[in-house]
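For reference, the structure is listed below as structure tokens.
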Amino acid sequence: MDRVRTPAIKGRDSKPAVPESGHGVLLGPRDQVIGQLYVAGDLRVQGTVEGELVVTGEIEIDDTAKVKASVSGSDVSIRGQVNGSVTARRRLLVADSGTLIGDVRAARLIVKDGATLIGNVSMSAPGEAVVTLPESDAPPAEPAVAPSGAGKTGPAKRNRK
Amino acid sequence: MEMHEAGSESPNLAVATEGAAESKHDGGPGNTLGPRDTLEGKLTYEGNLRVEGRVEGELHVTGDIEIARGATVRASLEASNVAVQGDVQGTVIARKKLGLSGSGRLTGDVQVGRLQVSDGASLNGNVRMGGFE
């Protein structure tokens with residue numbers, strides 16, 4: 001054999017898109033996980049999963065997959081069905097064939113037209129403060145919606161005008 | 001408003017073309033709240049509405065709502081299609097489709113027929129789909 005391009009440490013090179021950081025695990029369409037799966041690397045699911053998935057890298061859930069599990073990964077792509085909470089530390093993609101029923105935490109979110117998404121969505125970028133600066137750029141300073149502390153009786157600041 | 005290529009020299013035509021270039025309404029009357037416009041209260045409107053300014057209250061629109069980039073909306077919105085490029089805080093009901101573009105920020109619960117979220121958009125709230133038969 002002449003071809004010694006791939007180092008022997010890499011057990012499989014079936015999936016071309018595996019980054020250098022880790023290896024990839026493929027759960028084929030007839031494969032099934034019931035329980036907890038931890039992958040240091042990437043995971044691609046085409047079969048059935050019930051339980052919990054924790055992946056350090058990317059998770060791809062193909063359109064043949066049926067996942068009833070909490071899913072956590074760096075990048076998560078959903079083309080199949082997922083019932084359960086999903087955490088994407090970087091990016092969550094729900095493709096047009098994807099169904100996601102469950103709560104979502106993601107730094108970045110992409111939902112394609114035609115996708116199904118039902119649940120609570122929470123996106124809070126770490127480097128970004130919550131945007132609540134209501135009156136700094138609003139010239140007419142009339143508090144139409146009075147803040148909760150409006151009932152103060154003490155010598156608080158009066159409204160100008 | 002009809003636009004003919006030949007013969008019409010009315011000054012209104014220039015205005016109409018200007019408006020038509022900016023709005024992408026498919027049929028039905030449309031209106032725009034400009035960047036310096038402010039609405040506080042409840043608006044029920046037949047047609048399409050584009051918001052470039054500030055809104056506090058409620059918007060009920062039979063057609064589509066477009067929240068332009070730079071607009072600030074603290075209101076509940078109800079429309080057929082809702083497109084968000086600006087900043088929205090409030091519940092949103094889109095009987096057909098809610099689209100959040102990359103510059104869009106939406107904080108509030110949404111009920112939609114369909115949902116599209118582009119990369120860069122921010123969405124915080126509870127999402128429900130369907131129920132508009």
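These values consider heavy atoms only, across backbone and side chains, with no hydrogens, waters or symmetry-generated copies. Because the structure is a prediction, the values reported are computed rather than measured. Each chain gets a letter, A, B and so on, in the order the sequences are listed, and its residues count up from 1.
A distance of 14.0 Å separates NZ of A:K112 from CZ of B:R114, quoted to the nearest 0.5 Å. With values rounded to the nearest 0.5 angstrom, B:S118 atom OG is found 12.0 Å from A:R108 atom CZ. Taken to the nearest 0.5 Å, the CG atom of B:L123 stands 7.5 Å off from the CG atom of A:L117.
No chain of hydrophobic side-chain contacts below 4.5 Å, direct or via other Ile, Leu, Val, Met, Phe, Trp or Tyr residues, connects A:L93 to A:V121. Note on A:V25 and A:L53: same hydrophobic cluster, where clusters join Ile, Leu, Val, Met, Phe, Trp and Tyr whose side-chain heavy atoms are under 4.5 Å apart, directly or indirectly.
Across all their heavy atoms, B:V117 and A:L109 have their closest contact at CG1-O, 3.5 Å. For the pair A:T116 and B:M129, the tightest heavy-atom approach, listed with the atom from each and the gap, is CA-SD, 3.6 Å. Across every non-hydrogen atom of B:K97 and A:D113, the tightest pair is NZ-OD2, 3.3 Å.
Atom CD of B:E46 has 12 or fewer heavy atoms from other residues, nucleotides or ligands within 6.0 Å. Within a 6.0 Å radius of NZ in A:K66, other residues, nucleotides and ligands contribute 12 heavy atoms or fewer. The environment of CZ in B:R128 is sparse: at most 12 heavy-atom neighbours from other residues, nucleotides or ligands sit within 6.0 Å. No more than 12 heavy atoms of other residues, nucleotides or ligands shown are found within 6.0 angstrom of CZ on A:R105.
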Candidate pair B:Q116 and A:V111, rule side chain to side chain contact (heavy atoms under 4.5 Å, CB included), full reasoning: CA-CA 5 Å; B:Q116 182 172 7; A:V111 179; 5.9 Å; no

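A:N120 places a side-chain N or O within donor-acceptor distance of the main-chain N or O of B:N126, the cut-off being under 3.5 Å.
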